[in-house]
Amino acid sequence: MIPVLEVKNLIYTYRVRRSIFKPVDEFIVGPVDFVLNAGETLAVTGHNGSGKTLLARALVGAITPQQGSILLEGKKAEQSDKKTRNHNIRLILQHSKYSLNPAVTVGSVLGQTLLLNTELNEQERKTKIEQTLVKVGLLREHYYFYRHMLSDGQQQRVSLARAMILDPKVIVADEPFAALDPSVRSQTVNLILDIQQELGMAFVFISQNLGIVRHISDKVMIMDKGKVIEAGSSKTVFDDPQHEVTRKLIDSHFSLVDKHFEQF
Amino acid sequence: KQKTQITQAGITFCSEGSPASFNPQLDTSSTTADASSHQIYDRLLEFNTENGEIEPGLASSWLVSNDGLTYTFQLRKGVQFHDTDYFTPTRNFNADDVVFSIDRWRVATHPYHDVSGGSYPYFQSLGLKNTIKDVTIINGYRVEISLYTPDSSFLANLATDFSVILSAEYATNLLAEGTPSNIDVLPIGTGPYKFVSYRKNQFIRYQRHSRYFLDTIGPEHLVFDITPKSSLRVAKLITGECDAVAFPSQNDLEIIRNREDLTLLQKPGLNVGFWAFNTSKPPFDNPKVRRALALAIDKTSLLEAVYLGQATRAKSLVPSASWAYQPNMQDISYNPVTARKLLDEAGIPYNFTMNIWAMPVQRAYNPNAMKMAQLMSTYLADVGVTVNIVSYDWARFRENLTAGMHDSVLIGWSADNGDPDNFYRPLLTCAAIPSGTNRAQWCNPEYDALIESALKIENSDERRIFYHRANQIIFRETPLVPIAHAYQYQAVNNQIEGLTINPFGGIRFDDVVRK
Amino acid sequence: MLNLLLRYINLMVLTIAILIIISFSLAYVFPGDTLTNISGIVPQSNEQRVALEAVFKLDRSIFVQFWYYIENLISGDWGVSSSSQISLLEEISIAFPATIELITYALLVSIFIGIPLGFIGGIWHHKPFDFGVVTFSVVSYSFPVFWLALIFITIFSLQLGYLPLSGRVNFLYDIPHSSGFILWDIMLADIPDKKDAFKDALRHLILPTASIALVTTAIFIRFTRRSIMDEMNKGYIDAAKSRGFTTKQIFFKHGLRNSLLPILPLMAMQISTLITNAMVVETIFSWPGIGNWIIQAIYQRDYPAIRIGMLVVSVFVVTLTITIEFISRAIDPARDKFQRGAV
Amino acid sequence: MAQFNLYQEEFHPSPIRHIWLEFKRSHFALIGFAILLLFCAIAILAPLLAPYDPNVQNTNTILLPPAWEGNGSISHIFGTDALGRDVFSRTLYGCRVTFGSSIFLVLIAATIGVALGTFAGMNKGIKSSILNHLLDSLMAVPTLLIAIIIVAILGTGLWNSMWAIILALIPQFVHQTRTFVREEMKKDYILLDKLDGAGSTRIFWSSILPSMFELLVVQSTLALSVAIIDISALGFLNLGAQSPVVELGASLSQSLEVAYSAPWLVALPGFCIFLMVLSINIVGEGLRNALRNRLIH
Amino acid sequence: MRLLDVKNLTVEIDTGSVFVKALDKVSLTVETGEIRALVGESGSGKSLIVRAIIGAIPDHWIITADRLTWKGQNLLTMSNEQRRIIMRREIAVVFQDPTSSLDPSATLRSQLEESIPEELLDKGMFWQRNKQRREIAIGLMHKVGIKNHEACMQRYPHEIAADIAQKFMIAMALVSEPELLIADDPTRSMESTTKNQILRLLSGLNETRKLAILFVSHDLLAISSMAHTMTVLYCGQTVESGKVKHLHRRPLHPYTKALLDSAPSFQINLPPKSHLVALPGTIPTLKHLPIGCRLGPRCPNARKECVKVPEQKMVHQHSYSCHFPLHSPVDDDLETKQ
Ligand SMILES: Nc1ncnc2c1ncn2[C@@H]1O[C@H](COP(=O)(O)OP(=O)(O)OP(=O)(O)O)[C@@H](O)[C@H]1O
Ligand SMILES: Nc1ncnc2c1ncn2[C@@H]1O[C@H](COP(=O)(O)OP(=O)(O)OP(=O)(O)O)[C@@H](O)[C@H]1O
Ligand SMILES: [Mg+2]
Ligand SMILES: [Mg+2]
């Protein structure tokens with residue numbers, strides 16, 4: 001079986017100049033290797049500034065990596081035309097607030113995505129959008145809504161709708177829940193789990209929240225300073241972390257959990 | 001308002017424009033004359049401002065030969081030229097200066113003839129160059145001028161603003177320094193005021209000539225505050241920034257009269273405002289067209305709207321104050337129907353477009369040419385003539401006029417002396433075309449002959465007949481449409497005493513005092 | 001920092017070069033004779049024309065002409081006015097200081113009135129005083145400057161007779177020209193009634209300055225008020241309060257600096273407005289400044305004067321603007337991408 | 001789902017309606033808006049409203065004072081000028097020209113400015129940064145100077161003065177647009193649009209322009225007030241509209257000659273310009289506050 | 001001793017057209033040495049409570065309370081100067097958004113040093129004191145886990161990353177050695193190691209220096225690991241409040257229960273990829289708050305009575321506002337003793 005997404009030796013170098021006095025800082029992400037099958041979830045976690053966001057952007061093609069290859073169902077994503085890639089790998093960002101244009105209705109955002117990536121006509125587009133909205137737990141009427149009429153959770157749903165409206169193979173989500181509060185977060189998690197089950201998408205999921213990571217992921221990848229320091233199936237990594245940093249991360253998380261249970 | 005010392009000792013006069021130079025020989029504009037001829041210079045002879053009689057100036061006496069061809073002038077002694085930071089005279093005024101001043105414009109080979117353009121419009125328009133045979137020095141203080149033909153207005157011409165006496169010594173110095181044109185820029189004369197400084201469009205500053213040959217009581221400092229806008233001049237008069245203003249606008253006369261602190265001086269003026277056609281350009285070379293256009297405008301309403309009634313309707317060139325005035329003169333009256341008929345006859349189509357040049361400055365004879373042009377354009381539109389109104393900066397305006405770029409122009413003439421010849425000759429004779437005073441560019445030998453003949457006769461009653469015949473020709477040919485003879489006004493602050501209106505133009509300050 | 005400086009110098013040189021190119025090409029674009037447009041001299045004869053063309057290298061290629069033009073600009077040989085035949089350098093050196101003097105006072109007045117008023121309005125906003133300040137600024141911002149000047153003249157000169165309505169000083173005072181700034185010149189001058197002259201010059205200054213300053217003051221008020229309101233609403237002010245700093249400490253150490261920082265580039269922007277307004281006001285008050293001079297030049301179609309006048313004024317404004325922008329950029333650490341404040 | 005519907009009945013105005021609701025709350029802004037509408041009406045309907053042809057001269061009634069003064073006449077509400085033309089009609093036509101041409105030139109300047117600004121904002125690199133900086137510094141060249149140069153080249157006239165003001169207004173639009181587009185291009189939703197495969201044109205039309213619309217409105221009111229003042233200032237200096245075009249600034253300067261005998265001839269056009277600019281500024285201020293409030297609430 | 005006592009705090013805010021009660025009769029206390037957690041969904045008014053306590057509420061908003069006292073002194077009626085003195089030494093605040101809480105035009109160093117109260121310095125010449133300031137500053141930076149202090153202190157706020165700014169804000173708050181620390185979401189978007197470090201620091205201070213903490217967060221894990229008591233907020237209403245232990249064991253309010261159940265870490269037996277517990281529906285917006293109990297529309301056991309605002313009922317230390325509590329309210333302490 002061909003994996004949906006295969007990343008080989010991906011390296012991206014980010015140059016930052018913090019001020020004119022200082023030399024250019026280089027931040028190297030990678031090399032990153034992983035394989036992801038349909039219906040699987042890969043969780044990426046790590047310290048702040050460890051390059052998770054950069055990796056996500058490299059995956060969807062927002063930035064071009066210097067080395068390595070991304071294979072989508074065995075075909076090189078860089079070489080296949082842009083449309084296919086857009087179609088198959090979709091991005092969800094952390095701040096739903098910034099991922100929705102305040103001046104444009106939900107319908108026209110989604111419509112544009114369809115217009116650019118499918119051959120559907122106006123009527124079909126509308127139907128598709130309404131279907132998708134219902135699928136992510138919104139109403140048909142939300143077609144005409146502007147951002148400020150939606151709550152945070154609803155906005156995140158719209159982001160999700162935007163990602164899945166093209167029936168992609170992979171969705172890359174960069175901290176999609178960080179800005180949500182617990183009860184809404186649970187709603188969204190449930191929704192994603194449902195959709196994944198239903199459509200069999202692969203998920204690349206970036207999060208700091210180890211509780212959720214552990215709950216929804218099949219594979220975990222831990223990054224530090226741009227390097228992948230540990231990767232493996234979720235169970236192995238959580239049960240038996242190898243790397244120092246990983247251990248610390250997991251320990252500190254579980255020490256909190258333990259403290260919680262100590263109280264009872 | 002407290003007057004400080006220097007403002008006590010000085011007088012500010014708001015004039016209407018910048019002089020073209022400081023030598024009135026070079027220019028007929030009264031702006032130039034006002035700024036120079038009575039302040040900086042003197043003439044051999046002067047007009048009495050009251051009755052127009054000719055009086056001694058730098059010439060203390062004169063003698064005319066019986067045939068009227070030789071004039072001998074006895075010059076005053078002890079007259080000193082200005083002593084300024086650019087020139088210190090070493091000698092007093094004498095016959096050399098008289099000869100230099102006349103020869104400069106008279107003799108084409110004179111080293112100074114071509115300095116500053118070489119054009120002396122007033123003298124050229126009178127053809128004086130061809131009248132004078134010679135100017136000779138009899139001794140240091142006696143000069144003889146001989147003429148080819150008798151000229152009854154010759155003495156009057158010597159008393160006009162333009163016949164100023166320059167310093168020959170200064171001219172020689174400048175020639176040696178290689179800057180002869182300075183003679184017209186940094187002037188030296190014998191007049192009651194000496195030149196201090198000048199900034200274009202801003203001011204001219206004078207100082208009293210302490211060794212003037214006459215006793216004067218004028219102010220120590222004199223400033224011409226150049227203010228082209230008439231409303232601004234009146235405003236300055238009201239705020240006390242000006243002590244006297246030239247050409248108050250007709251609109252403001254009532255306000256000046258009503259104010260207690262201001263006085264309005266007024267005199268019927270020896271002037272005429274007219275509308276001249278450029279007869280060298282078709283279709284204005286056709287008398288029919290000119291007549292038609294003349295018929296198309298309603299002079300009465302122009303007099304009302306532009307002069308606000310402060311003028312008399314002009315039928316010919318000279319006003320009623322002149323002895324050559326013809327009371328029974330026919331007048332062209334408003335008749336648009338005939339006008340259109342004539343235009344049709346002349347083959348002028350509907351929507352024929354012509355331009356009217358309107359002077360950018362106020363003059364006694366036409367206080368608002370722009371407004372007049374606007375009014376006329378509606379009258380002309382009624383007969384199917386479209387009008388473009390053209391106006392330039394004053395200096396450029398006259399330059400272009402002289403070049404004959406206009407179709408027609410609203411302008412006028414103020415007398416420089418009381419002789420009717422001063423109207424008839426510069427305005428319409430052939431000789432006056434190149435000098436630019438003949439704005440109609442009209443040349444009619446019959447008319448010229450009449451004017452020449454009139455000049456040769458002393459008796460005014462006989463001369464009058466010639467001028468009346470000339471009027472007939474003007475009426476027939478209509479090279480220009482006389483519009484108005486306007487009153488002359490000057491507004492002064494009541495603190496100022498002794499300022500008078502000179503009917504022959506020229507403002508003078510040597511008898512003006514501040515109370 | 002050096003990098004920034006170099007960048008701004010680079011920008012300045014580039015802009016000035018463009019302005020010079022524009023002013024050079026204007027000689028060809030303006031109607032009339034190119035020779036006259038460049039030199040200001042109207043050739044009287046054909047020989048003179050040929051001679052002049054040789055002098056101004058008009059017979060050579062355009063690049064030679066341009067080079068010659070730049071050489072002349074640098075050496076101070078700016079040609080003569082075609083209407084008065086006086087050297088343009090001389091005329092401008094007399095007229096320009098008058099304008100600079102006027103706008104300097106106007107700017108100072110608006111700074112010293114506008115900024116404090118704006119501050120007070122901003123701090124106690126939505127109070128009656130603030131309402132007054134805002135109304136004042138909106139109303140005065142709406143005055144067409146020429147009408148305002150006329151109103152001033154009507155009230156203060158004609159009705160009340162307090163103040164003169166034209167010129168820099170009564171012409172009877174013969175102030176020798178040295179620096180071009182009238183007040184300064186009077187102090188230097190060796191004339192008997194110095195004090196009176198100084199007073200007189202001050203009285204002449206009041207109305208034109210006020211006319212120009214009113215609009216600028218309005219802008220400063222609006223901008224300062226908004227700036228201080230924005231800054232005082234920012235989180236760090238609350239944070240500072242929560243740290244128990246005194247109101248004074250907060251305002252002067254944090255609020256003031258942060259709200260003043262965007263005002264500096266605004267000031268740079270105002271120079272252009274100030275000059276435009278000064279040009280209009282100068283013609284109304286017969287102020288012998290560069291604006292009046294250029295406007296007279298256009299009435300007389302004095303193309304050399306317009307060309308050089310435009311060059312001098314725009315170079316002045318651009319230089320000043322860029323300098324102020326550089327300074328504000330250099331002292332403001334927070335703005336990596338500098339933004340002009342919207343009025 | 002029943003509970004859900006409870007919330008769907010909430011009233012959520014669209015952004016533009018929201019601004020209007022906010023705007024409506026200020027009485028001043030509404031009054032300003034009414035005056036502005038009045039001027040719009042005058043600009044459109046002047047030929048219908050004016051009782052006389054503005055250029056018809058009637059030498060029988062020269063300098064008639066306005067109707068409210070003792071010797072005024074009802075047939076000329078605002079009196080007549082020095083050539084006997086009806087001042088009321090002239091004022092109407094003057095407003096039409098001044099206001100209409102200002103609107104027109106602001107539209108042109110906005111179009112060009114937004115195009116250039118978008119170009120500069122969406123492209124990075126040396127070229128656009130040079131363009132930016134040059135425009136910024138050329139923005140410093142005073143309007144009047146540009147106008148004078150254009151008048152020197154092309155001659156006086158309303159059109160030429162309009163070109164000058166357009167030239168002077170463009171950089172402001174460029175600047176505002178560029179800053180806005182720059183900021184906008186950094187936003188996440190633009191990244192997502194790009195990932196959807198949207199090209200620059202598409203991003204501009206469907207993502208940036210809708211959100212920039214408000215900025216443009218505010219900037220345009222600002223530019224409009226500047227344009228009116230500039231147009232009338234040029235008219236006043238006799239560098240702009242020439243007769244027979246009736247323009248307020250030009251009428252004002254022509255009336256200066258008779259300022260003493262007919263002060264209303266100076267007061268009226270000046271007051272019209274003032275009122276026009278004031279109403280625009282009040283509306284602009286109201287809009288800005290509305291925008292600001294909309295963001296807060 | 002009761003440090004902070006908030007009783008029936010109501011804040012009405014100006015939404016442009018009408019005033020709405022963003023906080024409706026909120027009650028809260030903090031005792032000496034207590035760590036009280038304040039939880040609630042985003043927009044439930046947690047930060048608003050913080051702002052009300054420190055007095056950073058815009059003037060035209062209406063703020064009313066039966067009690068809003070600090071050590072018995074009424075914060076609402078006291079003069080600005082008194083309040084300032086309290087804020088200077090006794091209460092410290094960490095704001096939610098760290099970068100915007102820092103003056104953009106001053107270096108971190110100058111801001112931190114400015115916050116050091118004069119009293120903490122030994123008297124000495126000004127350069128000695130400057131040195132002391134510097135030392136205190138560096139010490140604090142290390143304490144909150146900023147190792148690279150040199151690079152950090154010379155920077156301006158916009159040059160540093162958000163997580164560093166967060167730590168820096170904590171350092172600034174601790175510098176005045178306060179009695180109460182109000183920390184608004186101090187661990188947001190931090191990775192668990194750093195979070196742990198900060199939590200340990202705070203707990204340590206609480207134990208050693210009796211520092212009381214009002215810990216505002218929606219990170220339930222962090223809360224339950226260190227807080228002693230907890231107040232749950234929903235849409236500006238206090239829903240339930242009591243010891244963390246008791247709330248966990250026996251939540252009385254449906255919302256508290258839903259909230260606690262939603263964290264996957266608390267469910268040990270939860271199979272991977274299974275559904276999490278969640279309340280249906282969304283939080284109402286401020287302008288469209290339901291009447292009565294604001295949870296009403298989403299509450300699984302809502303009934304007619306819920307259109308009335310439930311009274312706050314108190315059983316020992318445990319208070320709740322619900323018409324139909326999940327359990328019959330029993331005395332938790334007694335129950336544990338059994
Ligand atoms: N816009 C930027 N400006 C400066 N540096 C950046 C920027 N984006 C990324 N970096 C650098 O790239 C590195 C990786 O950043 P990235 O955003 O991928 O981290 P991250 O793992 O997503 O962190 P976080 O958990 O905080 O989101 C950071 O250390 C930072 O130095
Ligand atoms: N300045 C303001 N103007 C208008 N409404 C405001 C303002 N500040 C807060 N609010 C409203 O008050 C309510 C409470 O906000 P608050 O910031 O206290 O929430 P929070 O519980 O701190 O949320 P979060 O967990 O996201 O920080 C929100 O609905 C918010 O919309
Ligand atoms: Mg990230
Ligand atoms: Mg908050």
Side-chain angles (χ1 to χ4, degrees), chain C residues 7 10-12 14-15 18-19 22 26 29-31 134-135 138-139 141-148 150-151 154 158 215 222 268-269 271-280 283-284 291 294-295 297-299 301 303 306-307 309-310 313-314 317-318 320-322 325 337 339-340 342-343, chain D residues 28 130 133-134 136-149 151-156 168 175-176 179 182-183 215 218-219 222 225-226 228-230 232-233 236-239 248-249 252-253 256 259-260 263 266-267 269-271 273-282 285 288:
Chain C
R7 228 165 73 206
N10 200 359
L11 174 64
M12 188 128 86
L14 201 67
T15 319
I18 287 184
L19 290 175
I22 291 177
L26 282 181
V29 180
F30 280 153
V134 172
T135 312
V138 171
V139 169
Y141 184 65
S142 307
F143 269 107
V145 68
F146 49 92
W147 196 52
L148 181 72
L150 292 175
I151 290 177
T154 315
L158 298 177
V215 175
R222 292 169 69 166
M269 265 176 81
I271 292 170
S272 154
T273 317
L274 272 176
I275 294 237
T276 299
N277 285 342
M279 287 172 85
V280 177
T283 57
I284 294 174
I294 291 180
I295 287 173
I298 177 76
Y299 289 156
R301 298 293 184 270
Y303 297 120
I306 297 172
R307 252 182 54 238
M310 165 258 160
V313 174
S314 45
V317 177
V318 164
L320 212 59
T321 314
I322 295 181
E325 259 161 25
K337 288 270 184 298
Q339 304 159 344
R340 278 173 205 273
V343 181
Chain D
F28 282 102
I130 287 181
H133 283 291
L134 276 184
D136 274 354
S137 19
L138 291 181
M139 185 172 164
V141 178
T143 325
L144 201 49
L145 220 50
I146 301 180
I148 285 176
I149 289 165
V151 165
I153 298 172
L154 301 174
T156 50
H175 188 96
Q176 293 280 342
T179 323
R182 275 270 169 82
E183 287 302 311
L215 172 96
V218 170
Q219 179 66 20
L222 206 75
S225 76
V226 173
I228 290 178
I229 288 193
D230 282 357
S232 52
F236 178 80
L237 293 174
N238 203 15
L239 299 174
L248 292 176
L252 201 157
S253 90
L256 279 183
Y260 279 106
V266 177
F271 186 70
I273 302 172
F274 169 69
L275 202 62
M276 228 184 264
V277 178
L278 183 67
S279 64
I280 291 170
N281 282 336
I282 290 177
E285 189 80 358
R288 217 186 309 233

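In what follows, every chain begins at residue 1, and chains take the letters A, B, ... in the order their sequences are listed.
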Going from CD1 on Ile295(C) to CD1 on Ile148(D), what distance comes out if it is rounded to the nearest 0.5 angstrom?
5.0 Å

What part of Leu158(C) gets closer than 4.5 Å to chain D, counting heavy atoms only: side chain, backbone, both or neither?
side chain

Would you mind checking which part of Ser225(D) comes under 4.5 Å of any heavy atom in chain C, side chain (CB onward), backbone (N, CA, C, O), both or neither?
side chain

For a quick test of reading the model, state the closest non-hydrogen atom pair linking Val226(D) to Tyr141(C) and the distance between them.
CG2-OH, 4.3 Å

If you look at every heavy atom in Val313(C) and Pro142(D), which pair is closest and at what distance?
CG1-CG, 4.4 Å

Using non-hydrogen atoms and a 4.5 Å limit, figure out which bit of Leu239(D) sits close to chain C: side chain, backbone, both or neither.
side chain

Under a 4.5 Å cut-off applied to non-hydrogen side-chain atoms, are Val141(D) and Met310(C) in contact?
no

So what's closer than 4.5 Å to chain D heavy atoms on Ile298(C): side chain, backbone, both or neither?
side chain

Under 4.5 Å to a heavy atom of chain C? For Leu252(D) that would be side chain

Segment of Val218(D) engaging chain C (4.5 angstrom heavy-atom cut-off)
neither

Shortest non-hydrogen contact from Gly270(D) to Pro144(C)?
O-CG, 4.4 Å

Do Leu148(C) and Phe274(D) come close enough that some side-chain heavy atom pair is under 4.5 Å?
no

Less than 4.5 Å to any heavy atom of chain D: does that hold for the side chain of Leu320(C), its backbone, both, or neither?
neither

Let me know if Phe28(D) has heavy atoms under 4.5 Å from chain C in its side chain, its backbone, both or neither.
side chain

Determine the option with the most heavy-atom pairs under 4.5 angstrom with chain D, choosing from Tyr299(C), Trp147(C), Tyr303(C), Phe143(C).
Trp147(C)

Mind checking whether Leu144(D) and Ile275(C) have side chains closer than 4.5 Å, heavy atoms only?
no

Given a strict heavy-atom distance threshold of 4.5 Å, which part of Ile22(C) is in contact with chain D: side chain, backbone, both, or neither?
neither

How are the rings of Phe236(D) and Phe146(C) set to each other: parallel, tilted or perpendicular (split at 30° and 60°)?
parallel

Per-residue contact mode, Thr283(C) against chain D (heavy atom under 4.5 angstrom)
side chain

Structural part of Leu256(D) lying under 4.5 Å from a heavy atom of chain C:
side chain

Counting heavy-atom pairs closer than 4.5 Å to chain C, which one of Asn238(D), Ile229(D), Ile228(D) comes out on top?
Ile229(D)

Minimum heavy-atom distance between Leu145(D) and Ser314(C), given as atom pair plus value
CD2-N, 4.2 Å

Heavy-atom distance under 4.5 Å to chain D: side chain of Ile18(C), backbone, both or neither?
side chain

Between Val280(C) and Leu237(D), is there a side-chain heavy-atom distance shorter than 4.5 Å?
yes

